[in-house]
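Every value quoted in this text rests on a predicted model; they were computed, and no experiment measured them. Only this structure's heavy atoms are used, side chains among them; waters, hydrogens and symmetry mates stay out.
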There are 2 protein chains.
Amino acid sequence: MRRISESTISRLSLYYRTLETLQRENVTTISSGELARSNKFTPAQVRKDLSFFGSFGTRGLGYPVSELKDKIASILGLCKTWNVALVGVGNVGSALVSYKEFQRQGFIIKKIFDNDLRKIGKNHKGILVSDVKNLNMELKENKIEMVIIAVPSSEAQKVVDEVVGAGVRTILNFATTNLKVPENVVLRSVNMAMELEHLSYALANQKR
Amino acid sequence: MRRISESTISRLSLYYRTLETLQRENVTTISSGELARSNKFTPAQVRKDLSFFGSFGTRGLGYPVSELKDKIASILGLCKTWNVALVGVGNVGSALVSYKEFQRQGFIIKKIFDNDLRKIGKNHKGILVSDVKNLNMELKENKIEMVIIAVPSSEAQKVVDEVVGAGVRTILNFATTNLKVPENVVLRSVNMAMELEHLSYALANQKR
DNA sequence: ATACTCTTGTGAATTCTTTCACATATTTTA
DNA sequence: TAAAATATGTGAAAGAATTCACAAGAGTAT
Ligand SMILES: NC(=O)c1ccc[n+]([C@@H]2O[C@H](COP(=O)([O-])OP(=O)(O)OC[C@H]3O[C@@H](n4cnc5c(N)ncnc54)[C@H](O)[C@@H]3O)[C@@H](O)[C@H]2O)c1
Ligand SMILES: NC(=O)c1ccc[n+]([C@@H]2O[C@H](COP(=O)([O-])OP(=O)(O)OC[C@H]3O[C@@H](n4cnc5c(N)ncnc54)[C@H](O)[C@@H]3O)[C@@H](O)[C@H]2O)c1
């Protein structure tokens, strides 16, 4: 199978969200056209994206909402739960821990780590804060599959190296630095400054 | 001038960050090759991106770090400051308010809004929380140019409509819904769930 | 001065992504 | 049961983004 582009995966996420909503509204069938409209894509784009993974629709009718949703869930790996750890229980880290939507989606925050002695050993929204010193061991022991990095940018590479060393293959990063990971590790970064810069670019270069 | 792609703008952000670091390290000159390597791009990509905006390098030598940084800042609209407002002072909103790096970059959070009576009128990290009822008026009065939306997803469209109604042209959204804005408004969304789903896709489909 | 090295800037080639357009399958209507 | 309507699935076309490859400018060494 041809390698699937990142934009296709992003769009699948969006389709998935739309399908969740439709399911709640008891809509049973949706056409590529309607699915496209609700996300500002084209119908052809929707069909092409789905066609990479199989053919899920009925000609003349459209796609069955609940089946398609399940199928996308299976493609995106949302049928099982994932063991997630968070490193850095500061502003961003706290927000993430308290966000129950992730758990609901199957991303279970099993362990949280910090290096601040005032935080270690305390309960944080129901989870005990562990000492980052034991990171390697605890990641392995708890079979952690994804790690979220929310430490200060200056600490991030160090933490990433440890996380990679413990065999974790996927990392979500909130720090603002360029992090280096080996080929076989998937690192994605949430870069809010970059998003703001897209906005300032738009304002600074807006055609009058 | 040909329309510049979003990916070019994203890369400029990354170049900018690298140049900031280099400047701190007193590096005066950098080649496209080195600039590429530190971000896992290709040298040709770096040169092409920059060439859309002019020719800033010296053949045989490379680019002058500090000049190039300033030039990119000017392209991205980082030379001036922008008046930003935040709506929704919850977990995410609080994290953003306390993040001083944005201010340093010129994104000045002038006003913060909430609809929770327990929060309105109180000081939040040095900024008074205003009543979202006065949103329209206050956005205009304070000449707000960008708005960050950090309200629950169910409230987001309502807030966006008001913000657009007040003439704001750029919005950064943290809610997880598909928001509709008119053509001339730039909306960017930070979608952490989507990022996690890229990771689970990678794990679920990893070649062994 | 001249040769040599280095690295930019950029058309052209390539690769990747999106859109088109239509044959095909299914449902609906009559 | 046949015709009309609808919407998928997919090669092919078009469009974008990336990479190639090299002429040309600038510095350095001899
Ligand atoms: N707050 C924001 O809105 C925001 C926005 C954009 C980017 N970021 C980035 O997100 C990251 C976290 O930001 P924040 O505002 O939550 O910072 P923070 O200072 O509030 O939290 C960082 C936490 O990490 C802990 N920590 C420090 N070093 C550590 C280590 N080596 N191991 C484990 N824990 C360690 C600290 O004790 C603290 O609890 C930073 O890299 C920041 O650049 C934050
Ligand atoms: N917390 C996270 O880690 C996280 C992760 C991903 C996405 N999000 C999204 O970010 C948004 C904010 O999340 P949060 O965790 O900060 O939520 P939160 O509930 O902590 O904060 C929301 C804030 O918005 C205020 N609010 C509600 N309705 C409002 C209105 N109409 N006008 C003004 N203020 C209003 C509330 O009083 C509250 O202070 C949500 O849309 C959520 O889906 C959050």
Side-chain angles (χ1 to χ4, degrees), chain A residues 1-16 18-19 22 27-72 75 194 198 201 205, chain B residues 1-15 18-19 22 27-72 75 194 198 201-202 205:
Chain A
M1 197 215 279
R2 198 174 119 260
R3 209 184 138 275
I4 306 298
S5 75
E6 306 225 319
S7 12
T8 291
I9 302 303
S10 296
R11 283 190 299 268
L12 288 181
S13 288
L14 297 174
Y15 304 153
Y16 183 76
T18 304
L19 291 166
L22 289 169
V27 178
T28 57
T29 304
I30 186 158
S31 67
S32 59
E34 296 168 89
L35 199 45
R37 201 161 331 112
S38 70
N39 288 287
K40 293 221 266 169
F41 304 130
T42 64
Q45 178 88 81
V46 172
R47 295 202 299 277
K48 180 67 85 179
D49 283 338
L50 296 174
S51 77
F52 293 139
F53 300 95
S55 84
F56 313 121
T58 308
R59 292 174 184 211
L61 192 61
Y63 299 90
V65 169
S66 130
E67 267 173 71
L68 183 58
K69 171 173 156 279
D70 292 349
K71 189 66 206 177
I72 293 181
I75 294 165
M194 185 188 284
H198 272 269
Y201 171 79
N205 298 275
Chain B
M1 197 215 279
R2 198 176 119 258
R3 212 184 136 275
I4 305 298
S5 76
E6 306 225 319
S7 14
T8 292
I9 302 303
S10 295
R11 284 191 298 269
L12 287 181
S13 288
L14 297 174
Y15 304 154
T18 304
L19 291 167
L22 290 168
V27 178
T28 57
T29 304
I30 186 158
S31 68
S32 59
E34 295 168 271
L35 199 44
R37 201 161 331 111
S38 70
N39 287 288
K40 292 222 265 170
F41 304 130
T42 64
Q45 178 88 81
V46 172
R47 296 202 298 277
K48 180 67 83 179
D49 283 338
L50 296 175
S51 77
F52 292 139
F53 301 95
S55 85
F56 314 121
T58 308
R59 290 175 185 213
L61 193 58
Y63 298 89
V65 169
S66 132
E67 268 173 69
L68 183 60
K69 172 174 156 277
D70 291 350
K71 188 67 206 178
I72 293 181
I75 294 165
M194 185 188 284
H198 273 269
Y201 171 79
N205 298 275

Original post:
Given B:L12 and A:Y201, is the side-chain contact (heavy atoms from CB on, under 4.5 Å) satisfied, shown in steps?
Top reply: CA-CA 10 Å; B:L12 287 181; A:Y201 171 79; 5.8 Å; no

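Here C:dT17 presents its C1' atom at 13 Å from CZ of A:R3, a figure rounded to the nearest Å. Atom C1' of nucleotide D:dA7 and atom CD1 of A:I30 are separated by 13 Å, given to the nearest angstrom. Rounded to whole Å, the distance from CD1 on A:I4 to P on C:dT18 is 12 Å. Distance CD1 (A:I9) to P (C:dC16): 16 Å, rounded to an integer number of Å. Between the P atom of C:dT8 and the CD atom of B:E67 lies a distance of 15 Å, rounded to the nearest Å. Atom pair A:L61:CG and D:dG9:C1' shows a separation of 15 Å (rounding to whole Å applied).
The A:Y63 side chain lies nearest to D:dG9 when the options are C:dT17, D:dG9, C:dT8. With distances taken from any side-chain atom of A:R59 to the nucleotides D:dG9, D:dA26, C:dT8, the minimum falls on D:dG9.
The residue among A:G60 and A:R11 whose nearest nucleotide of DNA chain C lies closer to the 5′ end is A:R11. Map B:D49 and A:L50 each onto its nearest nucleotide of DNA chain D; the residue landing nearer the 5' end is A:L50.
Rounded to the nearest 0.5 angstrom, B:L50 CG and B:Y15 OH are separated by 6.5 Å. A:R37 contributes atom CZ, which lies 7.0 Å from atom OG of A:S31 (distance to the nearest 0.5 angstrom).
For the contact set between residues 34-48 of chain A and DNA chain D, defined by any heavy atom under 4.0 Å, the members are A:R47, A:K48.
Neither OP1 nor OP2 of C:dC16 sits under 4.0 Å from any side-chain N or O of A:S5. Remark: B:S32 is in phosphate contact with C:dT8, judged by side-chain N or O atoms under 4.0 Å from OP1 or OP2. Distances shorter than 4.0 Å separate none of the side-chain N or O atoms of A:T58 from OP1 or OP2 on D:dT8.
In plain terms, the two heavy atoms of B:S10 and A:M194 that are nearest each other are O-CE, 3.6 Å.
With hydrogens and angles disregarded, no donor-acceptor distance shorter than 3.5 Å links the side chain of B:S55 to the backbone of B:S51. Side chain of B:N205 to backbone of A:I75: a donor-acceptor contact under 3.5 angstrom is found.
Under a cut-off of 6.0 angstrom, the local environment of NZ in B:K71 is sparse, with at most 12 non-hydrogen atoms contributed by other residues, nucleotides or ligands.
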